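Worksheet: one structure, shown below.
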2 protein chains.
Amino acid sequence: MREVARVAGVSVSTVANVLSRPGIVAPETRLRVQQAIDRIGYVPNGAARQLRGVPSPIVGSVTLDLANPFHAEVNRGIEDGLAAAGCLVLACSTDLRPDTETRLLHLLQQQNVRGIIISPAHPDPAQLLEVSRRGTPVVLLDHPKERLDLCAVAVDDALGGRLAGEHLRELGHRRIAYLGATVDPGPVTRRREGLRQAVGEFLDVRMDVHPPSLGEAAAAAAGRIVALEPTAVVCLNDTAALGLLDGLAALGVRVPEDLSIVGYDDLPFARRLAPALTTVSQPKYQLGLAAAELLLDEGRPGHAHREVRFQPQLVVRASTAALAH
Amino acid sequence: MREVARVAGVSVSTVANVLSRPGIVAPETRLRVQQAIDRIGYVPNGAARQLRGVPSPIVGSVTLDLANPFHAEVNRGIEDGLAAAGCLVLACSTDLRPDTETRLLHLLQQQNVRGIIISPAHPDPAQLLEVSRRGTPVVLLDHPKERLDLCAVAVDDALGGRLAGEHLRELGHRRIAYLGATVDPGPVTRRREGLRQAVGEFLDVRMDVHPPSLGEAAAAAAGRIVALEPTAVVCLNDTAALGLLDGLAALGVRVPEDLSIVGYDDLPFARRLAPALTTVSQPKYQLGLAAAELLLDEGRPGHAHREVRFQPQLVVRASTAALAH
DNA sequence: TTGAAAGCGCTAACAC
DNA sequence: GTGTTAGCGCTTTCAA
């Protein structure tokens with residue numbers, strides 16, 4: 001900046017004025033400074049600006065797994081929602097590990113991010129309230145606001161589970177399994193409860209998803225599921241359903257003749273699987289967009305914390321069928 | 001920090017020492033300072049640190065579209081590769097728009113990021129060389145190094161196209177279409193050329209992918225493709241192949257009996273489509289991991305720019321078949 | 001309309 | 001082993 005000032009024959013503060021309040025500088029001077037900036041290829045130093053109190057354009061996004069297509073699309077919504085305000089997304093994955101989440105929250109605070117959008121891995125929100133209290137706005141994603149003093153974007157997960165359960169009941173199913181993981185994120189736990197309340201006999205199946213992928217774990221769980229003799233299985237998401245279809249095919253179990261399958265998320269491939277997957281759809285891009293808007297609103301004068309709530313929708317396809325007698 | 005010093009009864013520089021060079025501080029003093037830090041809940045200010053020359057832990061990742069499962073997984077590889085060094089990923093999508101890319105590069109430089117990993121949208125790398133020359137390391141992703149003075153992670157795209165073409169030739173196909181977009185990223189263009197060189201009659205089909213999704217555009221292109229009377233179609237990626245299968249089903253065209261289809265990327269769903277998709281697999285997570293490693297190496301003493309090259313692999317499934325006579 | 005100067009929070013050289 | 005001190009690049013009064 002000093003160099004720009006020298007070349008333009010003005011003082012640093014005039015250069016600063018051209019950058020921050022161009023209206024206050026004489027047109028002729030402004031032009032000279034602009035030319036100097038272009039000639040030198042001057043790029044302002046964000047760190048120095050921040051130190052002077054200008055808010056950072058960076059927003060932290062803490063998700064469970066960026067490689068998961070659901071989260072990837074949510075993040076794209078966040079990115080686009082923030083882009084209008086010139087903000088950038090610092091994207092992090094926790095793999096559902098509370099300690100990783102704690103570490104990331106620390107790092108983000110240190111970076112003075114404008115705010116944090118988080119799908120919590122830790123069941124206790126105390127940590128998040130503390131971050132918020134310290135001055136970094138926090139928006140919950142895929143988590144209900146309840147009485148928390150934070151903004152939240154939520155999907156009615158229990159309803160999603162119930163929709164799947166009621167659909168299966170109507171088809172005559174009574175023994176229904178839920179394929180989840182040994183440790184599930186909040187939304188999956190809430191779906192399970194919604195399903196449990198909607199069905200007769202509920203069979204809880206848990207996968208250990210450590211080393212292999214979710215799909216492989218689901219394929220490997222096929223035998224255990226079949227042994228329980230359910231007539232239908234609801235999976236924690238479409239990827240698990242995909243793997244389960246694989247595993248069932250290997251066992252010679254026909255879907256939906258022998259077993260009905262329901263997925264969750266309605267990823268683009270769901271409609272083209274063999275058989276086309278019945279699933280529960282939830283908005284993805286819109287979730288991210290809403291979270292971005294809530295976060296941007298945090299800075300504004302009359303801001304009050306609020307919740308934006310989305311409804312899931314059952315999409316019936318060919319992987320579920322009426323129970324044969 | 002001053003507050004911590006006051007509480008611990010030491011000077012700010014002692015606090016600084018505890019944070020940056022703990023070994024130099026007397027254990028007793030160190031403990032007192034640590035306790036003060038915990039009690040106050042002090043969080044260091046990254047901006048101030050940066051201003052003093054400590055490198056930023058943030059790395060920019062500029063991709064074409066974070067919501068694309070291929071890029072999402074690449075980014076996850078980047079994230080994990082950088083995590084070991086305590087770095088965070090600022091993830092951006094360009095949607096293949098050169099002006100967006102330019103804007104993002106500017107923003108990233110302003111943030112003094114440690115480096116930038118980029119899948120270029122702009123065909124001319126001049127801009128990237130300039131960024132690198134100015135002191136922000138740049139690693140090319142999904143782009144060959146060639147004579148550029150940058151590190152690069154590349155996949156042999158032409159080979160990928162050739163593999164698809166040779167597979168189809170062996171099955172007796174001669175009229176082969178390539179389904180791409182009106183404006184394709186570099187890798188897709190290179191695959192097209194590889195395919196063109198491997199087949200007899202090459203039919204170039206371009207989709208306009210602006211408002212709807214790639215899958216929908218591909219479904220809509222089914223009619224145009226059929227009119228060209230190819231016996232096989234290679235798609236720019238699996239998502240397009242998925243859409244095309246949809247469109248063909250609506251037209252009553254059977255795959256592979258009437259038309260063979262080849263995808264690209266081998267996304268998890270490819271093996272479970274109806275029919276299971278023949279596709280060209282390329283490493284995704286590994287690409288990101290390699291890029292992260294190259295970037296981290298940029299800071300080290302004897303660093304020399306180099307290219308890490310991956311080979312694509314043909315995965316034959318049920319969507320391609322020998323040409324009936 | 002422009003310039004001089006103070007200071008944001010921190011690090012590191014140096015003196016004690 | 002600990003404290004004093006001088007900036008890092010910028011914004012923002014305030015004075016000229």
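Letters go in sequence order (proteins before strands), and every chain restarts at 1. This structure is a prediction, so every number in the text was calculated from the model and none was measured.
Nucleotide C:dC14 holds its P atom 14 Å from the CD1 atom of B:Ile24, rounded to whole Å. Between the C1' atom of C:dA4 and the CG atom of A:Asn17 lies a distance of 13 Å, rounded to the nearest Å. Remark: P of C:dC8 and CG of B:Asn45 are 12 Å apart, rounded to the nearest angstrom. Remark: P of C:dG9 and CD of B:Glu3 are 12 Å apart, rounded to the nearest angstrom. Taking atom CZ of B:Arg49 as the reference point, atom P of C:dT11 lies 5 Å away to the nearest angstrom. Per the geometry, CG belonging to B:Leu19 stands 12 Å off C1' belonging to C:dG9, to the nearest Å. Atom CD1 in B:Ile40 sits about 14 Å away from atom P in C:dG9, given to the nearest Å. At whole-Å resolution of the value, OH in B:Tyr42 and P in C:dG9 are 10 Å apart.
Salt-bridge check for A:Asp99 with A:Arg103: failed, with every basic side-chain N at 4.0 Å or more from each acidic carboxylate O. Salt bridge annotation for A:Arg32-A:Glu28: present, with a cationic side-chain nitrogen under 4.0 angstrom from a carboxylate oxygen. A salt bridge between A:Arg133 and A:Glu130 is present, with a side-chain N of the basic residue lying under 4.0 Å from a carboxylate O of the acidic one. Classification of B:Lys284 and B:Asp142 as a salt-bridged pair fails, no side-chain N sitting under 4.0 Å from a carboxylate O.
Residues A:Val12 and A:Arg30 each lie close to DNA chain C; by heavy-atom proximity, the contact nearer the 5' end of the strand is made by A:Arg30.
Contact annotation: the side chain of B:Leu66 approaches that of A:Glu79 to within less than 4.5 Å [non-hydrogen atoms, C-beta and beyond]. Here the side chains of B:Asp149 and B:Ser132 are not in contact, with every heavy-atom distance at 4.5 Å or above.
Bracketed by its first and final contacts, the part of DNA chain D lying under 4.0 Å from non-hydrogen atoms of chain B reaches from D:dG1 to D:dG9 in 5' to 3' order.
Nucleic acid contact class of A:Ala26 (heavy atoms, under 4.0 Å, all strands): sugar-phosphate only. Among the protein residues, A:Arg21 comes within range of the nucleic acid bases, having at least one heavy atom under 4.0 Å from a base atom.
Between C:dA4 and A:Ser13, no contact under 4.0 Å exists linking OP1 or OP2 to a side-chain N or O. Between A:Ser11 and C:dA4 there is no side-chain N or O to OP1 or OP2 distance below 4.0 Å.
Within 6.0 Å of the CZ atom in A:Arg309, the count of heavy atoms belonging to other residues, nucleotides or ligands exceeds 12.
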